[in-house]
Amino acid sequence: IDDASHRYHPSRASFEALYPLVRPGGYYVIEDWAWAHWPDYHSEGEGKELTRLVAELVAAAGSSKPLIASVSVFEGFVAVERGPVAREELGEFRLNDHITHCIPPPSVSRPPRRPGLRAGLGRLRRRLRRIVSGS
């Protein structure tokens, strides 16, 4: 159970060092992964939150079933089930080596703005005001 820094880089380093030691079928648990989404803490985590690590673990599960058999995400923790790959086959373990398509940083993955969306929302607001006012 990883209940340490609650920050991305140290938690990822711990995962890469310890996950190969988990027996096949065993679990690696990361506690409090969602702290950056909790109202009392969200402003403390800019760029350090564990959400990115959880997304990378899900991507690795989709890319390499022998490495990660499953990822179960809960509000308070995430449980990563070790797949059957032998420790010797992992060599120097790096998570990125087991993800087919790397996940870009959050700042890169912003969806493009759709033209006309703002105008459509303005029309909707005006229509709702007319309905509410009865005119």
Got a donor-acceptor contact below 3.5 angstrom from the Ser133 side chain to the Arg130 backbone? yes

Given side chains that start at C-beta, do those of Arg82 and Ile68 come closer than 4.5 Å, heavy atoms only? no

Any idea which heavy atoms bring Glu16 and Phe93 closest together, and the distance? O-CD2, 3.3 Å

How many angstroms lie between atom CG of Leu50 and atom CZ of Phe77, to the nearest 0.5 angstrom? 14.5 Å

Run the side-chain contact (heavy atoms from CB on, under 4.5 Å) test on Val29 and Val78 for me, step by step, so that the C-alpha distance in whole Å, both residues' side-chain angles and the decisive distance to 0.1 Å come before the verdict. CA-CA 6 Å; Val29 176; Val78 62; over 6 Å; no

Taking all heavy atoms of Glu56 and all of Leu95, pick out the closest pair and write down the distance. CB-CD2, 4.0 Å

Per side-chain contact (heavy atoms from CB on, under 4.5 Å), Tyr19 is matched among Leu57, Asp2, Leu67 by Leu67

Please step through side-chain contact (heavy atoms from CB on, under 4.5 Å) for the pair Leu90 and His98, ending with a clear verdict. CA-CA 10 Å; Leu90 292 176; His98 299 276; 4.0 Å; yes

With no hydrogens and no angle check, is any side-chain donor or acceptor of Trp35 less than 3.5 Å from a backbone partner on His6? yes

Short question: side chain of Arg12, backbone of Leu53 - any donor-acceptor pair under 3.5 Å? no

Could you tell me whether a side-chain N or O of Ser63 sits under 3.5 Å from a main-chain N or O of Thr100, the two making a donor and an acceptor? yes

Reported CZ-to-NE2 distance for the pair Arg52 and His9, which is rounded to 0.5 angstrom: 6.5 Å

Do Tyr27 and Ile30 land in one hydrophobic cluster if side-chain heavy atoms of ILVMFWY residues count as linked below 4.5 Å? no

I would like to know whether Thr51 and His37 meet side-chain hydrogen bond (donor to acceptor under 3.5 Å, both in side chains); could you show each step before the answer? CA-CA 9 Å; Thr51 309; His37 304 286; 2.4 Å; yes

Closest non-hydrogen atom pair between Pro10 and Ser5, with its separation: CB-OG, 3.3 Å

Would you name the heavy atoms of Ala34 and Glu75 that are closest together and state the gap between them? CB-O, 3.5 Å

Test: Arg7 and Glu49 ion pair at under 4.0 Å: no

Joint hydrophobic cluster, Leu21 plus Tyr28, side-chain heavy atoms closer than 4.5 Å: yes

Side chains of Val73 and Val54: closer than 4.5 Å at any heavy-atom pair? yes

